[in-house]
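Working notes, structure below.
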Amino acid sequence: MEIFLKENIRRVIKELYNAEVNDDLIQIQETRKDFKGDFTLIVFPLLKFSKNTPEKTGEMIGSQLMDSSPEISGYNVIKGFLNIEISDKWWISYFAGMMAETDLLKNCRVKNPEVILVEYSSPNTNKPLHLGHIRNNLLGFSLYRLLSACGHKVIKTNIVNDRGIHICKSMLAWQKYGNGETPESSGIKGDHLVGKYYVLFEKMYKFQAEELMSKGVEPGEAKNSAPLLMEAREMLLKWEAGDKEIIELWKKMNSWVYDGFNKTYEALGVNFDKIYYESDTYKIGKDLVQAALKDGIMYQMEDKSIWVDLTSEGLDQKLLLRSDGTAVYMTQDLGTAVLRQQEYKFDKCLYVVGNEQNYHFQVLKAVLARMGYKWAGGLHHFSYGMVELPEGRMKSREGTIVDADDLIKEMKETAREVSLQLGKLGDYNDEEKEEIFRKIGLGALKYFILKIDPRKNMTFNPTESIDFNGNTGPFIQYTYARIMSVFRKGEQMGIKFNNTILSEMKGGEKEIDLVRQLRRFQAIVSEAAAVYSPALLANYCYDLAKEFNQFYHDYSILSETDVRVRNFRLAISKYTSEVLNTAMWLLGIEMPERM
RNA sequence: GGUCCUAUAGUUCAAUGGAUAGAACGGAGGUUUCCUAAACCUUAGAUCCAGGUUCGAUUCCUGGUAGGACUACCA
């Protein structure tokens with residue numbers, strides 16, 4: 001319709017002012033809610049052709065347009081805005097076309113599909129997942145669905161940071177104080193058990209350092225020479241040397257962590273096609289750096305450490321191999337990127353990683369480009385904002401980390417309380433009820449996070465639990481459940497829904513409003529995928545659900561006596577439910593049939 | 001010190017350079033013999049400051065102010 005309008009407006013301007021206008025001067029947008037009309041032409045840019053006032057110009061174009069196109073049923077001019085009204089007939093026949101197409105996402109498919117790798121989650125194996133990881137996982141998974149919906153081949157990957165001094169710390173603490181405790185013996189989820197020993201290490205280490213300081217050792221020296229830290233470093237050296245006992249312990253404790261992570265991933269409803277481990281890829285990175293050194297791309301200091309000079313690109317000197325020959329974070333990321341390109345020949349690689357690592361990814365791209373990899377241009381850091389508490393960042397030292405498993409559990413509990421209070425699920429058995437509580441609790445959590453622009457930091461207040469009313473996941477789920485209920489009831493009443501729409505029928509205002517809203521869906525999906533923003537789609541879901549609830553409130557569907565009107569309303573309801581379901585699916589949110 | 005990001009109702013979030021800056025929660029008030037009141041309706045309440053570009057700036061530019069991140073031989 002926008003294209004149709006543009007062409008006609010161009011023609012009209014030619015007729016009226018004998019001017020060929022550039023496409024970008026014909027600015028058309030959807031008319032704002034509080035004005036009459038469907039589409040609005042902004043006439044200011046056209047004044048240089050009309051040599052007239054905005055009002056007069058709008059009036060002339062509007063009148064000429066209306067005379068020449070039957071689809072246009074009216075117009076009005078307010079200041080420099082020409083509001084064009086499209087006939088109900090056009091809207092209804094347009095909707096009939098939408099109903100006839102079974103593929104809701106057909107227009108989202110891109111012409112040139114790409115192979116896109118999405119890296120998300122990226123946990124360390126010394127601690128359980130927390131709220132920050134939840135945002136990461138939800139964004140990554142939703143991006144996967146969105147990009148896939150647009151026809152791309154998307155590979156979900158995860159890079160697990162499973163080696164390094166931090167892992168040795170939990171291993172050491174377990175070895176010293178664990179008394180052979182296992183997830184089975186203690187009943188503690190594996191990742192939490194390992195996390196417990198990491199925390200214990202930090203506590204004992206701090207204690208030792210303070211003890212040294214009280215004996216008069218200078219603070220920096222005390223922190224550096226506490227026996228526990230020395231032991232952890234020794235353990236890391238043994239690990240790198242392949243010490244059998246240490247490797248065994250490492251494998252055992254990591255397997256506990258993976259069992260724990262898998263449960264959390266499953267609860268969140270996310271998964272991966274390919275998991276990379278830093279313990280594998282850091283070696284590739286080391287070789288790459290050595291090769292680059294030979295090629296003169298990097299340089300070596302006297303202490304044998306290897307660096308790259310990126311000052312010509314506005315960045316700094318960056319260390320890539322330590323003086324003792326061990327790898328740093330950047331080293332393994334280089335290796336991982338090259339390995340991935342070999343394995344998947346990706347066009348794009350999306351790193352879902354927090355904005356605190358912006359600099360890291362600038363450097364990563366620059367180094368790969370320096371090494372001559374043309375595909376480095378396809379790397380994209382999807383930089384999302386931090387999740388903060390009302391008093392600032394989450395800090396493990398202050399015990400303010402919001403644990404992922406706890407939060408998921410609490411959300412389900414809240415859903416249970418609210419649902420039982422409302423008492424609408426009387427005839428469901430316990431298992432069915434639990435499933436609904438799960439969907440609602442998780443829906444609330446996921447929507448709460450995904451509706452926010454990913455680039456921005458967000459605030460989460462743990463003491464005020466996530467809402468179930470207003471602009472929330474459950475609101476949208478509720479709207480869907482209501483529509484499902486209408487169709488269940490309709491079936492009981494023997495009302496048959498016929499998929500044909502009678503285009504000579506007149507639609508009510510709210511019905512056309514809904515059609516207008518439904519029409520936007522595919523464009524929103526395309527845009528959300530193009531700009532990597534699930535939030536656009538989430539907010540659209542809310543707008544649509546809101547629109548439907550108004551319609552539902554003002555009109556009756558099943559008790560409408562005019563069969564054609566009833567049928568039309570059923571069709572709109574049906575289509576709305578499908579759009580809501582698909583849109584929420586793209587966000588990774590499940591919909592309950594009842595609630 | 002340098003680089004980057006952010007700043008919108010009491011709070012949490014919206015707004016391709018366009019009209020009277022939208023929602024939600026919270027506040028005040030209202031709607032149920034009728035398809036689910038997790039809903040609907042009414043109401044009060046905001047663009048950090050100063051310049052600039054523009055017919056038009058929350059949006060773009062410059063300079064402040066205030067937060068935050070990065071600037072490790074941590075990840």
Side-chain angles (χ1 to χ4, degrees), chain A residues 27 29 31-35 40 42-45 47-48 54 78-81 83 122 124 126 161 163-166 278 301 303-307 314-316 318-330 332-333 354-360 362 383 385-386 388 390 392-393 415 418-419 421-422 424 440 444 448 451-453 455-461 464 466-479 481-490 493 495 527 531 535-536 539 542-543 545-546 548-550 552-560 569-570 573 594-595:
Chain A
Q27 292 176 31
Q29 53 192 234
T31 302
R32 284 179 48 155
K33 208 91 212 262
D34 23 347
F35 298 94
T40 295
I42 299 166
V43 299
F44 294 110
L47 298 183
K48 54 184 157 187
I78 299 171
K79 295 182 185 170
F81 300 90
N83 298 320
S122 317
N124 292 344
N126 62 333
N161 299 309
R163 57 161 222 118
I165 189 81
H166 52 293
E278 187 188 332
M301 304 266 279
D303 65 2
K304 300 279 186 209
S305 60
I306 300 178
W307 298 70
L315 302 166
D316 290 323
K318 178 69 193 176
L319 173 109
L320 292 167
L321 278 181
R322 296 191 183 103
S323 50
D324 63 3
T326 57
V328 292
Y329 180 48
M330 185 64 71
Q332 67 89 12
D333 248 5
N355 61 16
E356 57 194 352
Q357 293 189 33
N358 286 352
Y359 183 74
H360 173 80
Q362 277 186 311
S383 167
M386 300 287 100
E388 289 169 356
R393 288 189 95 174
V418 174
S419 297
Q421 208 167 2
L422 291 167
K424 295 178 182 175
I440 296 172
F448 178 83
K451 75 170 177 180
I452 296 166
D453 183 342
R455 283 172 287 277
K456 292 189 176 169
N457 287 4
M458 60 174 284
T459 308
F460 174 80
N461 190 338
E464 293 171 19
I466 292 175
D467 235 296
F468 284 52
N469 300 320
N471 186 357
T472 66
F475 174 90
I476 297 160
Q477 291 173 321
Y478 176 71
T479 309
R482 268 179 150 182
I483 300 175
M484 291 299 102
S485 175
V486 168
F487 281 92
R488 274 195 304 272
K489 195 137 281 182
M493 292 164 67
I495 290 174
E527 198 191 344
V531 303
L536 289 178
N539 285 307
Y542 174 71
D543 291 339
K546 178 112 185 134
F548 184 83
N549 278 325
Q550 288 170 4
Y552 181 91
H553 183 265
D554 294 348
Y555 296 75
S556 50
I557 301 168
L558 293 173
S559 41
E560 170 60 45
R569 290 182 184 164
L570 281 168
S573 304
R594 285 184 52 180
M595 62 188 278

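Since we're looking at a predicted model, the values are computed, not measured. Per chain, numbering begins at 1; letters A, B, ... match sequence-line order.
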Quiz item: What residues, two or more places apart in sequence or in another chain, satisfy salt bridge (Lys or Arg N to Asp or Glu O under 4.0 Å) together with Asp554(A)?
Solution: none
Quiz prompt | Qualifying residues under side chain to side chain contact (heavy atoms under 4.5 Å, CB included), relative to Asn469(A), sequence neighbours excluded | solution = Asp467(A)
Quiz item: Hey, is the side chain of Gln27(A) poking within less than 4.0 Å of OP1 or OP2 on U16(B), counting only N and O atoms?
Solution: no
Exercise. Decide yes or no, distance alone: a donor-acceptor N/O pair under 3.5 angstrom between the base of A19(B) and the side-chain of Thr40(A).
Key: yes
Quiz item: At under 4.0 Å between heavy atoms, what does Ile440(A) touch on the DNA or RNA strands: base, sugar-phosphate, or nothing?
Solution: base
Filtered N/O pairs between nucleotides 54-60 of chain B and protein, under 3.5 Å:
none

At a cut-off of 3.5 Å, list every protein nitrogen or oxygen paired with a nitrogen or oxygen from nucleotides 4-13 of chain B, distance to 0.1 Å.
residue, atom, partner, partner atom, Å
C13(B), OP1, Thr459(A), N, 2.7

Quiz item: Quantified in whole Å, what is the P atom distance between nucleotide A7(B) and nucleotide C60(B)?
Solution: 9 Å
Quiz prompt | Sugar-phosphate, base or nothing in reach of Gln477(A), heavy atoms under 4.0 Å | solution = nothing
Quiz prompt | OP1 or OP2 of A19(B) under 4.0 Å from side-chain N/O of Lys33(A) | solution = no
Quiz prompt | Residues that His360(A) engages under ring-ring contact (aromatic ring centres under 6.0 Å, His included), provided they are two or more places apart | solution = Tyr329(A)
Self-check item: Qualifying residues under ring-ring contact (aromatic ring centres under 6.0 Å, His included), relative to Tyr555(A), sequence neighbours excluded
Solution: Phe551(A)
Enumerate all atom pairs, one protein N or O and one N or O from nucleotides 32-37 of chain B, separated by less than 3.5 Å.
residue, atom, partner, partner atom, Å
C35(B), O2, Ile557(A), N, 3.4
C35(B), O2, Leu558(A), N, 3.0
C35(B), N3, Ile557(A), N, 3.0
C35(B), N4, Tyr552(A), O, 2.5
C35(B), N4, Tyr555(A), O, 2.2
U36(B), OP1, Ser485(A), OG, 2.6
U36(B), OP2, Ser485(A), OG, 3.3
U36(B), O2', Tyr478(A), OH, 2.1
U36(B), O2', Arg482(A), NE, 3.0
U36(B), O2, Lys424(A), NZ, 2.6
U36(B), N3, Met595(A), O, 2.8
U36(B), O4, Met595(A), N, 3.2
A37(B), OP2, Arg482(A), NH2, 2.6

Self-check item: Spacing of the C1' atoms in A44(B) and A23(B) (rounded, Å)
Solution: 16 Å
Quiz item: Between Thr472(A) and Lys79(A), which has a closest nucleotide on RNA chain B that is more 5'?
Solution: Lys79(A)
Quiz prompt | Nearest-angstrom distance from the residue atom CG of Leu536(A) to P of A23(B) | solution = 19 Å
Quiz prompt | By side chain to side chain donor-acceptor pair (under 3.5 Å) - contacts of Gln332(A) (at least two apart) | solution = Thr281(A), Thr336(A)
Quiz item: Whole-Å distance between U71(B) P and Glu356(A) CD?
Solution: 9 Å
Practice problem: Starting from P on U3(B), measure out to OH on Tyr359(A) and report it in whole angstrom. | Solution: 13 Å
Quiz item: Tell me: OH of Tyr542(A) to C1' of C40(B), nearest whole Å?
Solution: 11 Å
Quiz item: Expressed in angstrom and rounded to an integer, what is the separation of Phe35(A) atom CZ from G18(B) atom P?
Solution: 14 Å
Quiz item: Which nucleotide in the set C73(B), C70(B), A75(B) lies at the smallest distance from any side-chain heavy atom of Ser305(A)?
Solution: C73(B)
Exercise. For Glu527(A), check side chain to side chain contact (heavy atoms under 4.5 Å, CB included) against everything at least two apart and list the hits.
Key: Leu536(A)
Quiz prompt | Shortest side-chain distance from Asn124(A), nucleotide among U16(B), A75(B), A19(B) | solution = A75(B)
Quiz item: Between which residue ranges does RNA chain B form stems of three or more consecutive Watson-Crick or G-U wobble pairs, both distances under 3.5 Å?
Solution: B:1-7 with B:65-71, B:10-13 with B:22-25, B:27-31 with B:39-43, B:48-52 with B:60-64
Quiz item: Okay, side chain of Arg455(A), backbone of Gly385(A): is any donor-acceptor separation there less than 3.5 Å?
Solution: no
Self-check item: Closest to side chain of Phe81(A), choosing from A19(B), A69(B), C40(B)
Solution: A19(B)
Practice problem: Could I get the full list of ring-ring contact (aromatic ring centres under 6.0 Å, His included) partners for Tyr478(A), not counting sequence neighbours? | Solution: none
Quiz item: Counting N and O atoms only, with roles assigned by atom type, does the side chain of Ser419(A) sit under 3.5 Å from a partner on the main chain of Ala415(A), one being a donor and the other an acceptor?
Solution: yes
Practice problem: Identify, with sequence neighbours excluded, every residue that meets side chain to side chain contact (heavy atoms under 4.5 Å, CB included) alongside Asn124(A). | Solution: Asn126(A), Asn161(A), His166(A)
